[in-house]
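Each remark here refers to the structure printed beneath this line.
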Amino acid sequence: MLSIDERVELLMRGTEYGDSGLGSAMREELRERLIESDRTGVPLRVYCGYDPTSSDLHLGHTISMRKLKQFQDLGNEVYFLIGSFTSLIGDPSGKDKARPLVSKEEVFENGRTYAEQAFRVLDRAKTKVVYNSDWLEKVTLEEIFHIATHFTAQQILARDNFARRMESGEPIHLHEFFYPLSQGYDAHHLEADVQVGGNDQLYNIVTASRKVMEAYGQKPNIGILMPLLPGTDGVQKMSKSLGNTIPIHTNAEDMYGKVMSIPDATMPLYATLTTEWSNRELAAFETGLETGSLHPRDAKMQLAYEITRLFYGDAEASAAQDQFVATFQKGDIPDEMPEYMLEGDETILDILVANAMAGSKSQARRLIDQQGVKLDGVTVTDAWQRVENGGVLQAGKRHFLRIKKAN
RNA sequence: GGAUGGUUACCCAAGUGGCCAACGGGGUCUGACUGUAAAUCAGAUGGCAGAAGCCUUCGGAGGUUCGAAUCCUUCACCAUCCA
């Protein structure tokens with residue numbers, strides 16, 4: 001068993017508060033709560049909420065999940081909360097616009113897949129999956145009033161995203177005010193000792209949740225705030241709506257390739273947040289990059305391998321790596337690719353469309369015009385060319401199709 | 001309840017009778033260059049059509065006109081401000 005100090009160090013690793021006072025206050029509370037837990041033998045109750053507004057979890061979500069895993073490995077009780085109620089409101093955090101509302105059916109469908117995907121990181125047997133609609137749906141208006149008396153409009157409007165919207169005349173809907181209160185209610189209901197989340201959750205986790213818990217006479221939860229992971233563009237936060245995600249639910253090749261597509265400057269952040277490298281390995285990685293002793297390409301390959309390995313294991317990760325080297329570094333064709341049986345005398349144009357390598361015939365023509373289509377390595381110039389004897393058709397850099405002749 | 005503004009392609013946004021398949025930006029795609037990327041440069045970006053050309057699109061429906069994203073009528077939705 002790790003000492004208290006070691007545990008605090010581990011659990012606070014990678015956190016980001018944007019305010020050193022808050023960070024050290026949280027660290028101190030965590031230490032006290034761990035000591036208390038040791039004394040009483042009651043594990044800490046730790047949770048993180050996920051709003052299932054889209055169907056897939058991505059690498060950004062795994063940051064908080066890895067943190068939950070650390071708590072879990074230390075014997076604490078972990079709740080994976082699915083925001084089946086709160087996602088109907090839409091978290092205004094970090095948003096300059098109100099979120100579009102999602103339907104209830106969608107939310108539950110997504111919630112199910114979330115939990116499944118989460119077990120790629122978390123220990124299934126030790127994780128409790130809960131849905132906040134189970135209790136939030138039953139909260140009475142009276143109770144809402146009771147909670148709301150602890151909040152002021154000024155306080156909420158002072159949050160910079162609301163302030164910006166006030167400034168620019170963007171609408172602020174009243175229901176958005178209730179998001180932080182609902183999240184606070186979750187913490188209260190779960191009697192949470194610790195709540196993990198992205199640092200855009202500062203208000204929800206630290207201010208709102210603690211306020212609500214205090215209103216109920218509970219010990220306020222400790223916030224463990226993690227930085228947000230930028231997407232594959234390296235700039236904006238990873239988010240499905242921006243299309244810059246690395247989904248968990250994919251395959252090893254895709255994951256490896258997507259990690260390889262992040263900009264160089266983003267590598268250290270990814271290494272810190274999404275790998276299980278020790279502090280020492282991490283330091284070696286970073287100094288290697290700084291001093292130039294580690295080639296950025298090789299560094300990124302290490303990173304891509306490590307991230308892929310965590311989800312798919314060594315065998316698949318190294319297969320993905322081999323394939324990546326072959327296709328992108330050597331320009332070979334990959335070993336595996338979809339196949340297509342010739343039916344008659346289809347033209348290349350037809351085949352491209354039939355196999356979704358182009359969205360329409362017009363698109364396929366453009367692709368050919370732009371010299372983006374190759375048959376067995378030879379650039380196709382004639383859209384009406386036939387593929388008599390089969391071969392490998394390539395569209396762009398990464399889409400391949402093995403065409404076979406029917407017998 | 002009153003006043004005003006708005007609804008244009010994946011997103012933002014220009015266009016206020018013909019030169020509009022619709023400026024510009026973002027995104028995306030392709031090519032070049034690379035270290036795989038990023039950055040940069042070039043091109044493309046509704047559909048059908050081997051060229052010409054045709055068809056569909058500017059919130060919905062109807063109308064005026066030789067001709068409408070642009071004018072009129074009407075419906076729907078959204079927002080801001082003042083009560």
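As the structure is a prediction and not an experimental result, all values here were calculated from the model.
- With C1' as the reference atom, B:rC72 and B:rU80 are 27 Å apart, rounded to whole Å.
- With a 6.0 Å cutoff to the six-membered ring centre and a 45° limit on the axis angle, A:K211 counts as a cation-pi contact of A:F151.
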Enumerate all atom pairs, one protein N or O and one N or O from nucleotides 49-52 of chain B, separated by less than 3.5 Å.
{"unit_1": "B:rA49", "atom_1": "OP1", "unit_2": "A:K361", "atom_2": "NZ", "d": "3.3"}
{"unit_1": "B:rA49", "atom_1": "OP2", "unit_2": "A:R365", "atom_2": "NH2", "d": "3.2"}

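- Using the Watson-Crick or G-U wobble rule with both distances under 3.5 Å, B:rU7 pairs with B:rA76.
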Check nucleotides 35-43 of chain B for protein N or O atoms closer than 3.5 Å to its own N or O atoms and list the pairs.
{"unit_1": "B:rG35", "atom_1": "N1", "unit_2": "A:D264", "atom_2": "OD2", "d": "2.9"}
{"unit_1": "B:rG35", "atom_1": "N2", "unit_2": "A:D264", "atom_2": "OD1", "d": "2.7"}
{"unit_1": "B:rG35", "atom_1": "N2", "unit_2": "A:D264", "atom_2": "OD2", "d": "2.7"}
{"unit_1": "B:rU36", "atom_1": "O2", "unit_2": "A:M260", "atom_2": "O", "d": "2.3"}
{"unit_1": "B:rU36", "atom_1": "N3", "unit_2": "A:M260", "atom_2": "O", "d": "3.2"}
{"unit_1": "B:rU36", "atom_1": "N3", "unit_2": "A:K300", "atom_2": "NZ", "d": "3.3"}
{"unit_1": "B:rU36", "atom_1": "O4", "unit_2": "A:D264", "atom_2": "OD1", "d": "3.2"}
{"unit_1": "B:rU36", "atom_1": "O4", "unit_2": "A:K300", "atom_2": "NZ", "d": "3.0"}
{"unit_1": "B:rA37", "atom_1": "O2'", "unit_2": "A:S261", "atom_2": "O", "d": "2.6"}
{"unit_1": "B:rA37", "atom_1": "N1", "unit_2": "A:D264", "atom_2": "OD2", "d": "3.2"}
{"unit_1": "B:rG43", "atom_1": "N2", "unit_2": "A:Q370", "atom_2": "OE1", "d": "2.9"}

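- With a cut-off of 3.5 Å on both pairing distances, the Watson-Crick or G-U wobble partner of B:rG53 is B:rC48.
- Inter-residue side-chain proximity for A:L136 and A:Y185 is flagged as met; some heavy-atom pair is nearer than 4.5 Å.
- Under 4.0 angstrom from either OP1 or OP2 of B:rG47 there lies at least one side-chain N or O belonging to A:R366.
- With both pairing distances under 3.5 Å, B:rC81 is matched to B:rG2 as a Watson-Crick or G-U wobble pair.
- If you take CG of A:D369 and P of B:rU30, they are 15 Å apart, rounded to a whole angstrom.
- Rounded to whole Å, atom P of B:rU28 lies 17 Å from atom CG of A:L367.
- Base pairing annotation: B:rU36 forms no Watson-Crick or G-U wobble pair, as no partner gives both donor-acceptor distances under 3.5 Å.
- As rounded to whole Å, 13 Å separates atom C1' of B:rU28 from atom CZ of A:R398.
- Going from the P atom of B:rC71 to that of B:rG17 covers 7 Å, rounded to whole Å.
- Comparing B:rA3 with B:rA9, their P atoms are spaced 30 Å from each other, to the whole Å.
- The CD1-P distance, from A:I368 to B:rC29, rounds to 18 Å in whole Å.
- RNA chain B is contacted by no residue of residues 303-310 of chain A, taking any non-hydrogen atom closer than 4.0 Å.
- Taking atom CZ of residue A:R165 and atom P of nucleotide B:rU80, one finds them 10 Å apart after rounding to whole Å.
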